[in-house]
Amino acid sequence: MTKVTLTVNGQTVEKDIADNRLLVELLREDAGLTGTHVGCDTSQCGACVVHVNGKAVKSCTMFALEADGADVVTIEGLAKEGELHPVQEAFRDHHGLQCGFCTPGMIMSSVDIIRRNPNLDEKTVREELEGNICRCTGYQGIVKAVLAAADEMKKEAV
Amino acid sequence: MYPFSFKRAATVAEAADLFKGSDDPQYLAGGQTLIPTLKQRLAAPSDLIEVSRIESLKGISEDGGQIVIGAGVSHAEVAASELVRARIPGLAGLAGEIGDPHVRHRGTLGGSIANNDPAADYPAAVLALGAEVRTAARSIAADDYFLGMFETALEEGELITSVAFKVPEASAYAKFPNPASRYAMVGVFVAKFADGVRVAVTGAGPGVFRVPEMEAALSADFSESALHGISVSAEGLNSDLHGSADYRAHLVGVMARRAVAVAR
């Protein structure tokens, strides 16, 4: 057992964990944040995407001890004071989800995509969503939602 | 996953000491190959030595006409680097096509070439650009570094610190990705230098290899048409459910022509 200390959604989390504990296991089972999902557990599907020090990563493919000292944001950390994040709002408005299983990862990836690409177009969104799999929507609504959220966030920034 | 003991190295020297002091250790860089391997119980190291916090493995610089990239630099950082994009656009382009954005945020140059997966992208660039693979003790020429499937010239416990790339006049990487995994079914890196052209192929065979016939033709005339009539033998190439050896041999020609067409 080794002690890990990290910040999750602004709160300090400190736990004694097995050295082979995955970040996603720490988040779901130790911190009780079950919004982050495990879909494939083989680095393919992206349901487990969270932000570690501002970068979108697959939390099923990172050890919790690798995140020692890091600042982690999960889907639970996006809404502020009861207000959905613009990306969450856009997924609702544009039918970006159906069953909802992939949605936490989709949204965390989308926030990262918008942050890294000041001038998003549809082709870029589709390429950038390479690591997130959705089996319901056919992606149309998701792509629309990401583009709409990017526009909305630009307006807010002005 | 089997249990292991997690150790953290702050310096290259400390990493080497931890390695020496462990039964059956393995270095952990970005973990994008190693962690899935551990989950499948295909490896059971006694100790994982985290090297991703070592400061001296980070950073990209230009030094004596070479672009030197730290072994711990992520694919996303190489893809976004203004320096790499300006000096070796083919290398920045290759890094930006590895896996997906999340893998590119964690995976590192050193990790990729230390593993030397026969379908990994980076080995093609390292070999075609005639790079030097640097460790704490020595510098290994790319031509001597890749020994075959998952095999390299690295000694037990020898950690890559950086890779120094010669700056070519033009370069490009063209890959035919497996539609599911995004690994290269075939990837061809073409690099044009003042004294000749180098062509390296990944994904097609048991390890990365050069194609001397294409290199000679392109050195005389750097154009797609120079490659017409040159074919690669299917003998010894990979054959699996994704594609036969003949199919891969054909793709080598197609990818080489595509790379030459967009090289800059």
Side-chain angles (χ1 to χ4, degrees), chain A residues 1-4 16-25 36 38 40-70 105-106 108-117 124-133 146, chain B residues 1-10 22 25-54 72 74-77 79-80 93 96-108 111 177-183:
Chain A
M1 301 289 269
T2 305
K3 191 169 99 172
V4 65
D16 274 321
I17 54 165
D19 285 14
N20 65 359
R21 199 138 182 84
L22 297 167
L23 177 58
V24 72
E25 294 170 335
T36 301
V38 180
C40 66
D41 203 17
T42 57
S43 326
Q44 311 275 327
C45 81
C48 66
V49 170
V50 301
H51 297 175
V52 175
N53 294 329
K55 287 179 181 153
V57 305
K58 287 177 170 159
S59 61
C60 84
T61 312
M62 182 168 179
F63 291 116
L65 286 171
E66 291 183 279
D68 191 46
M106 282 286 177
M108 297 312 286
S109 291
S110 301
V111 171
D112 175 63
I113 292 167
I114 294 168
R115 210 181 272 157
R116 283 186 291 107
N117 295 276
T124 309
V125 174
R126 288 184 184 275
E127 277 170 9
E128 287 277 344
L129 285 175
E130 173 62 49
N132 293 83
I133 295 174
V146 178
Chain B
M1 198 172 349
Y2 296 112
F4 56 77
S5 162
F6 186 98
K7 293 176 176 162
R8 186 167 290 142
S22 308
Q26 181 133 25
Y27 291 125
L28 172 66
Q32 300 303 287
T33 302
L34 182 54
I35 296 175
T37 306
L38 292 171
K39 285 182 181 181
Q40 292 178 75
R41 295 190 167 187
L42 293 172
S46 62
D47 300 78
L48 281 192
I49 300 163
E50 184 197 52
V51 296
S52 55
R53 294 178 199 244
I54 301 177
S74 72
H75 312 327
E77 288 167 317
E97 285 181 22
I98 298 172
D100 59 45
H102 320 112
V103 169
R104 295 196 287 271
H105 280 148
R106 296 287 306 157
T108 66
N178 177 311
S181 73
R182 312 317 274 181
Y183 269 99

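All of these numbers come straight from a predicted model, not from anything done at the bench. Throughout, protein chains are lettered first and strands after them, A, B, ... in sequence-line order, and every chain is numbered starting at 1.
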Asker: Go through the atoms of B/Glu50 and report whether side chain, backbone, both or neither lie under 4.5 Å from a heavy atom of chain A.
Answerer: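 The answer is the side chain of B/Glu50.
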Asker: With a 4.5 angstrom heavy-atom cut-off, is it the side chain or the backbone of A/Asp68 that approaches chain B, or both, or neither?
Answerer: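 Both parts, backbone and side chain.
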Asker: Using non-hydrogen atoms only, which part of A/Ala18 is less than 4.5 Å away from chain B: side chain, backbone, both, or neither?
Answerer: neither
Asker: So for A/Val49, is it side chain, backbone, both, or neither that comes closer than 4.5 Å to the heavy atoms of chain B?
Answerer: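 For A/Val49, the side chain is the part near chain B, not the backbone.
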Asker: In terms of heavy-atom pairs under 4.5 Å with chain A, which of B/Gln40, B/Arg182, B/Arg104 leads?
Answerer: B/Arg182
Asker: What's the separation between atom CD in A/Glu127 and atom CD in B/Glu97, rounded to the nearest 0.5 Å?
Answerer: 8.5 Å
Asker: Given that the side chain runs from C-beta out, which part of A/Thr2 has a heavy atom under 4.5 Å from chain B: side chain, backbone, both or neither?
Answerer: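 Neither part; nothing is under 4.5 Å.
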Asker: Hey, what do you get for CZ (B/Arg106) to NZ (A/Lys58), rounding to the nearest 0.5 Å?
Answerer: 13.0 Å
Asker: What distance do A/Asn132 atom CG and B/His102 atom NE2 have between them, rounded to the nearest 0.5 Å?
Answerer: 4.5 Å
Asker: To the nearest 0.5 Å, tell me how far B/Leu38 CG sits from A/Thr61 OG1.
Answerer: 11.0 Å
Asker: Kindly give the heavy-atom pair with the smallest separation between A/Gly131 and B/Pro101, and that separation in Å.
Answerer: N-CD, 4.4 Å
Asker: Atom CG of A/Leu22 and atom NZ of B/Lys39: how far apart are they, to the nearest 0.5 Å?
Answerer: 5.0 Å
Asker: Check whether any side-chain heavy atom of B/His105 lies under 4.5 Å from a side-chain heavy atom of A/Val52, and answer yes or no.
Answerer: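 Heavy-atom side-chain distance check fails, nothing below 4.5 Å.
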Asker: If you count heavy-atom pairs within less than 4.5 Å of chain B, which of A/Thr42, A/Asp41, A/Leu129 leads?
Answerer: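 Max contact count across the listed options: A/Asp41.
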Asker: Given the options B/Ala80, B/Ser5, B/Gly31, which has more heavy-atom pairs under 4.5 Å with chain A than any of the others?
Answerer: B/Ser5
Asker: Quick one: closest heavy-atom pair of B/Phe4 and A/Asp19, and the distance?
Answerer: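 Of all heavy-atom pairs spanning B/Phe4 and A/Asp19, the closest is O-CB, 3.3 Å.
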Asker: Please round to the nearest 0.5 Å and tell me the distance separating atom CD1 of B/Ile35 and atom CD of A/Glu66.
Answerer: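 Reported to 0.5 Å precision, the distance equals 4.5 Å.
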Asker: With chain B, which of A/Val57, A/Ile133, A/Ile113 has the greatest number of heavy-atom pairs at distances under 4.5 Å?
Answerer: A/Val57
